[in-house]
Amino acid sequence: MASLAVHLVINYPIHNESSITHNSHVGLGCKNLPVHNNWNHSTHKSCIGFVIPYDRASVGSNFNSRCMALKRCDYIDLHNELVPYRKAWALQKAIVKEKKTLIEKNVECPDTVIVLQHPPVYTLGTGSSETFLNFDVNNPPYDVFRTERGGEVTYHGPGQLVMYPIINLRNHNKDLHWYLRTLEEVLIRVLSSAFSIKSSRIEGLTGVWVGNKKLAAIGVRVSQWIAYHGLALNVSTDLTPFAQIVPCGIQDREVGTIKQVLRETQASYDQSAIDKLSSDNSVLIDIAHKSLIEEFCQVFDVELHQISVSEVNDFEFSSDSRGDLNADSASLIKSLL
């Protein structure tokens with residue numbers, strides 16, 4: 001299908017979009033954005049299909065009101081899969097196109113979130129400079145894609161959780177800076193609640209940091225108030241490929257992982273417990289994934305509707321459906337699952 005095609009520049013090994021529309025695109029290493037820290041932590045946890053308060057009786061009628069106010073978000077869980085970047089990118093664009101069609105028809109347009117891992121790949125934003133590549137672009141160590149997101153070059157690979165929220169900002173807040181700060185808030189909460197890691201923002205930069213190390217990068221595109229691309233959280237990622245680039249175009253800072261931070265701070269904890277946790281990458285990924293989903297639901301006030309393989313196979317593909325995936329999106333999901 002033509003709308004899903006990822007066109008290549010034949011004589012140049014960086015994959016490019018055949019056309020780029022002039023919409024908002026911000027992200028990795030984005031400068032001079034305001035920092036907001038006026039978040040109020042609520043007293044409940046969100047999860048797939050439910051909102052579970054710590055003390056339901058104490059919440060009373062507010063609990064029911066909140067449940068009614070939660071927004072639907074379709075969830076595609078591929079967090080233990082290595083999904084080729086080209087396929088994930090095509091899927092995002094198919095879903096964005098679908099949401100734009102729903103909006104044009106004045107049909108309800110819920111959000112979608114995809115969580116996955118990628119095989120090793122470098123991606124550049126629409127305006128990224130090749131001066132931040134420490135390799136010959138005609139002979140790259142891994143595939144290189146130039147995308148329509150904002151920001152400079154970054155690396156994706158196994159051990160890194162990538163979340164692609166495809167968000168209708170009309171359902172939330174039509175403010176790009178708010179959206180970036182909200183994604184950062186999700187990540188800060190994940191590191192704190194799941195790993196007792198204190199992280200922070202750095203004024204003028206986008207992402208989440210522990211000291212001088214960037215543990216999570218953010219790069220997004222917004223078209224007609226539909227946001228896509230998203231965030232990458234380094235859980236147990238091999239950092240070696242980052243040496244081949246200047247990550248996010250930031251010269252004077254490092255990249256880190258959750259596993260690395262846990263090992264560096266293990267003297268403050270039970271050493272055997274930290275050793276066991278940090279030595280099992282799959283456990284770290286599962287813990288980070290569970291927390292990422294919970295915190296995303298809580299911060300964005302959404303209720304997840306998980307899309308399963310059987311559900312994709314059983315979809316009735318109606319153009320007037322309530323945001324359910326169309327046949328093109330579903331066929332892509334089937335190829336990934």
**Asked** Do L187 and L233 touch side chain to side chain, with heavy atoms closer than 4.5 Å?
**Response** yes
Indicate whether the side chain of [X] and that of [Y] have a donor and an acceptor atom separated by less than 3.5 Å.
{"X": "H172", "Y": "D111", "value": "yes"}
{"X": "T257", "Y": "T237", "value": "no"}
{"X": "D175", "Y": "H177", "value": "no"}
{"X": "H289", "Y": "N80", "value": "no"}
{"X": "R149", "Y": "T123", "value": "yes"}
{"X": "N234", "Y": "Q160", "value": "yes"}
{"X": "K100", "Y": "S223", "value": "yes"}
{"X": "T112", "Y": "K99", "value": "yes"}

**Message:** On a heavy-atom basis, which atom in V144 and which in P140 lie closest, and how many Å separate them?
**Reply:** CG2-CB, 3.7 Å
**Prompt:** Of the non-hydrogen atoms in V190 and A288, which two are nearest, and what is the gap between them?
**Reply:** CG1-O, 4.3 Å
Does a side-chain N-to-carboxylate-O contact under 4.0 Å join [X] and [Y]?
{"X": "K290", "Y": "E294", "result": "yes"}
{"X": "E185", "Y": "R181", "result": "no"}
{"X": "R221", "Y": "E148", "result": "no"}

**Prompt:** Does R253 count as lying over the ring of W209, i.e. NZ or CZ under 6.0 Å from the six-ring centre, within 45 degrees of the axis?
**Reply:** yes
